[in-house]
Each structure stands twice: as C-alpha cells, then as structure tokens.
Amino acid sequence: MKEVDMKKMGITFAFALIIWFIPVPHGVSPEAWHLFAIFAATILGIILKAAPMGTMCMLAIGFTALTQVLAPGNPALSITKSLSGFGDKVIWLIGISFFIARGFIKTGLGNRIAFIFIKIFGKSSLGLAYGLGLADVCLAPAIPSNTARGGGIIYPIMKSMAISFGSLPEDPNTHRKIGAYLTLNSYYMNLIASSMFLTGTASNPMCQKFAADLGINITWMSWAAAGFVPGLVAFILVPLVLYKLYPPELKKTADAPKMAREKLKEMGAIKTNEWLMLLAFFILLSLWIFGGSLSIDATTTAFIGLTLLLLTSVLTWEDVKSEKGAWDTIVWFAVLVMMASSLNELGFIGWFSDLIKTQIGGLNWIIAFPVIILVYFYSHYIFASATAHVAAMYAAMLGVGVSLGIPGMLLAMMLGFVGSIYGVLTHYGHGPAPVYFGSGYVDLKSWWVKGFEIGVLLLVIYMAIGGLWMKIIGYY
C-alpha cells in the first residue's frame, strides 16, 4: 500500500462515478461519455499522485475492458481495443529511443560531449551555461527522456562544476556564487532542447499522434524545421536574460576548461563502443531527417538504431530489459494514447470542440490563437506531469482552435512547443524539475518568480518569432 494513497484514490474513484452518472449531454454517445469518465479520473489520479502512473493506467485498461465502453456487448473485442495503444508505432518510437539513450550513458559518450563543450566555452559562468546547454541540445535528438538527459548527464556535471567553484548546496551563502544560476539555466536549456525535436521529450510524439487523429501530419523533420529558429533564439537569449535577472556572483570560471580537460584525460581516448554509439547516432539522425524521401518511417529508423547497438554489443538484451523507464513509458503512453484516440473516434473531441466554438464562435482566429496558447501554457500550474497535461488538453485545444479557423499545422506545432516550455513555471512542471530543484541551490520563491519571467520571454519568442518562421516556411 506504500505506492497507493487510499484517500487520493478514493477521491479519484468518486470523481469517476460522478461523471459516469451525470446525464449524458446531448450530442454525446453514452460510450464516449463513460470513456471520458475513466479518462478524466485517470488524469486526476496522476495529478494527485494517488498511485504511480503505470498503476493508474493499468486500472484504466481494466475498467475500459470491464465496462465494454469501446465495444458494447463484445468482451473479446473490448479488451482488444483496450490494448490497441500498444500497437501504435508512436509508442515504440519513444520506447526504443529510451533504449538508445541508454547507450549514451553506458558508453560515457554523453559525458564526453558535455566535457568537450565545457572545455571550449567554460572560461566564464555565461560560457559555462552555454556549454552545458549546447551539450543538452546535441543529445536531445536521440535521448527522448529529458529527465535522463538532464538528470543523468548534465546535472551531475553542472553540480560538480558549481561545487568546484565553492558554490556548495549545503551553504546558502554560496548558492548565488554560481550554483543557482547554472541550476536554473541548465533546466531551462533542457526544456528548450526538448521543444526543438520530436524525440526531445516523451510527450512530443503524443502530440504528433493526437495531431494525426485530426488529420495534421507531423514528421520528425517537419517538427525540427519548425522548432529550429525559435529554439535557437531562445537558446541564445535565455542565458543572457537570466544572467541579468539572476546574476551569478562569480563571472569568470577560468578553471572550468582545465577541469574538463582533466576529466577527458581520465576518460582516455574514445573507445570502440563510443565510436559505434556515435555511428548509430548519425545514422539515426540522417534517417530521421531524410528517411521520408526513402519511405523509411521514424519508428523503423529507431528499430534500425537499436538493432545496430545490439548487434555490436554496445547494448545487451539485459540493458534493454533493465531499462525500467522505457517500459514504464511504453505502458502509460500506450494507455493514455488509446483513451485519447478513442475519445476522438467516438466523437467526444469533436463535440467538445463544437461546444467551445458555440461559446466563442465569433472570435477571430488571430485573437483565438494567443488565447488558446496562453490558457494551455498557464494551466500547467495545476499539472504535476507534462504528459498528463498533454493527454488531458492537447487534442481538445487543437480541435477547438482548428474549428475556429486557426491553421492546423501552426497550432499543432505551437501547442507541441508549449508542452516543453511550460515546464519553466514550477519546480514540479517537467521531469527534470525535481532533480534540479532538489540540488538546493534555488529557493522556491526564486524558482517560481524566475520561471514566470522566463516563461513570458519564451512565449514571446515562440509565438512571435516561431509563428513568423512557420509562415515563412509555408506551414500556413
């Protein structure tokens, strides 16, 4: 019972029952309404942390199959449809990418890349911030867990650098020396990197799937093309603005390149497994970029990359079996996608979009666009999971916006970007947030205040510059 909070679970079940027994609204089928009750309760349970996300999703599958909401009167077809999410290619793209990410950590290539950038850029605190950020951006295309990327690779290096310059987690008087600045900046850069690539964070492929359900096709390359310019501008400006808003006391870090060189010396020459990992990375990147013209799907590319790593023994099957984060993600991802897609197929998303359109039908799309983005962004204060937020609101917000005349690709991409950058708002807003906040370098008030300020900056960059860039490249 340690994993399950019975009080919060009771609230979750009560919430489901209330929705279930509310008279079905006009225009909605009973099956769609009852599936919505299960879906909404699952999201609430995840937000309340009534139980681990995987447990909540197992409950969702059980109740979806038991109540036969997907296939009334046909129990065999009901369980088949309840498990249909596991056959979705998007689920396996993100799962296999987790396995590939393990190769970066196991071989040490991820750390080597970070130390190389520190050696080049680390002569000042600002340069150190850019060096760590650049390492994150370079790793983002192949490491979809921004928690593993930030918490497993960047954070330990950042913390050791801060401590080496006398900024100690246990001594509040030294936090502002450099540790606090690097902590916030590394977290923000992680979110920016996550927004730039379809495989940058786990929720991005979920956005791709929901957009496809509404007839909007997003590929790995189309996401990268749209995200490159706003991401680059954010990458350049955020460390500079934070440097002014929350300046480190230590401006020069001349010893950082020396420390990085020493670490690289300890690691020795690039090993065979690192070269093989690098080769796999470039093959993956090339096929994700150009695979469309060769009729090679992004998920197929991921399978090719994983197979290469297994055949060369960079990864073993034991590594794959022990990658708990990947299997956990595959499970909850598949269940949430199944329910959200089924809600669309049963007409619930269309009904909800029409309902909202009726209320604000006279709104010009140029006004509706920023309203939808702002609502989606700031509603993240009530979500402790970026994935739960995407599952709960992305499809509905996209459906509403498209029904109001907002260009589909523009809105789908912008909501996708926001699914990463809204993490700046709180210390629980995205996967890596608890890791960075847990360092102790930044107090709660500063985290929220700076997050709000940087959030405004990121909204301006992505909506103004990103929106204009998508117009230039013909997305609308």
Side-chain angles (χ1 to χ4, degrees), residues 49 104-105 110-111 113-115 117-118 121-122 124-137 139-140 143 145-194 201 235 238-239 241-243 245-251 253 255-256 259-260 263 325 380 384-386 420-455:
K49 297 186 177 179
F104 277 93
I105 297 171
N111 284 348
I113 291 171
F115 284 128
F117 285 126
I118 291 171
F121 298 103
S124 67
S125 53
L126 188 59
L128 196 55
Y130 278 115
L132 290 167
L134 194 56
D136 206 316
V137 170
L139 295 169
I143 302 183
S145 169
N146 62 338
T147 305
R149 198 171 68 242
I153 297 175
I154 304 299
Y155 170 74
I157 296 173
M158 178 224 79
K159 185 177 179 181
S160 66
M161 287 288 165
I163 291 173
S164 67
F165 286 109
S167 191
L168 309 176
E170 65 273 14
D171 184 2
N173 295 323
T174 66
H175 288 176
R176 292 296 302 275
K177 194 170 185 179
I178 194 171
Y181 171 72
L182 288 181
T183 296
L184 282 181
N185 188 78
S186 296
Y187 177 55
Y188 297 157
M189 296 297 245
N190 178 279
L191 299 177
I192 292 167
S194 298
T201 189
F235 178 88
V238 165
V241 173
L242 186 64
Y243 194 78
L245 294 175
Y246 201 58
E249 296 168 359
L250 186 65
K251 309 298 183 185
T253 55
D255 289 340
M259 285 185 280
K263 289 288 186 180
H380 194 59
S385 164
S420 292
I421 63 173
Y422 56 29
V424 302
L425 292 174
T426 68
H427 62 297
Y428 52 79
H430 231 283
V435 178
Y436 283 103
F437 181 72
S439 69
Y441 280 118
V442 185
D443 64 273
L444 186 61
K445 179 181 177 182
S446 296
W447 191 285
W448 280 54
V449 171
K450 301 310 167 193
F452 181 86
E453 294 168 346
I454 295 297

Any chance you could measure [X], atom [atom1], to [Y], atom [atom2], to the nearest 0.5 Å?
| X | Y | atom1 | atom2 | answer |
| --- | --- | --- | --- | --- |
| R176 | Y246 | CZ | OH | 5.0 Å |
| L139 | L134 | CG | CG | 9.5 Å |
| Y155 | T183 | OH | OG1 | 7.0 Å |
| N146 | M189 | CG | CE | 15.0 Å |
| N173 | S167 | CG | OG | 11.0 Å |
| I454 | L242 | CD1 | CG | 5.0 Å |

Got a donor-acceptor contact below 3.5 angstrom from the Y422 side chain to the A386 backbone?
->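 Looks like yes, one N/O pair under 3.5 Å.
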Between H380 (side chain) and G429 (backbone), is there a donor-acceptor pair under 3.5 Å?
-> yes
Please give me the minimum heavy-atom distance between [X] and [Y], naming the atom from each residue.
| X | Y | value |
| --- | --- | --- |
| L168 | H175 | O-CD2, 3.2 Å |
| A256 | G122 | CB-O, 3.2 Å |
| P156 | I153 | CD-O, 3.4 Å |
| G127 | S124 | N-OG, 3.0 Å |
| S125 | T253 | N-OG1, 3.6 Å |
| I178 | P248 | CA-CB, 4.1 Å |

A side-chain contact here means heavy atoms from C-beta on lying under 4.5 Å apart; do [X] and [Y] qualify?
| X | Y | answer |
| --- | --- | --- |
| Y188 | P239 | no |
| W448 | L425 | no |
| L132 | S186 | yes |
| Y130 | N185 | no |
| H430 | N190 | no |

Which residue pairs satisfy the salt bridge (Lys or Arg N to Asp or Glu O under 4.0 Å) criterion with at least one member in residues 439-452, sequence neighbours excluded?
->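 Salt bridge (Lys or Arg N to Asp or Glu O under 4.0 Å) check on residues 439-452 returns K450-E453.
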Can you list every pair that meets salt bridge (Lys or Arg N to Asp or Glu O under 4.0 Å) and has a residue in residues 148-161, with sequence neighbours left out?
-> D136-R149
Check the pair V435, Y187 against side-chain contact (heavy atoms from CB on, under 4.5 Å), reporting the backbone distance first and the verdict last.
-> CA-CA 9 Å; V435 178; Y187 177 55; over 6 Å; no
Among Y436, F452, Y441, F437, find the residue that satisfies the ring-ring contact (aromatic ring centres under 6.0 Å, His included) test when tested with W447.
-> F437
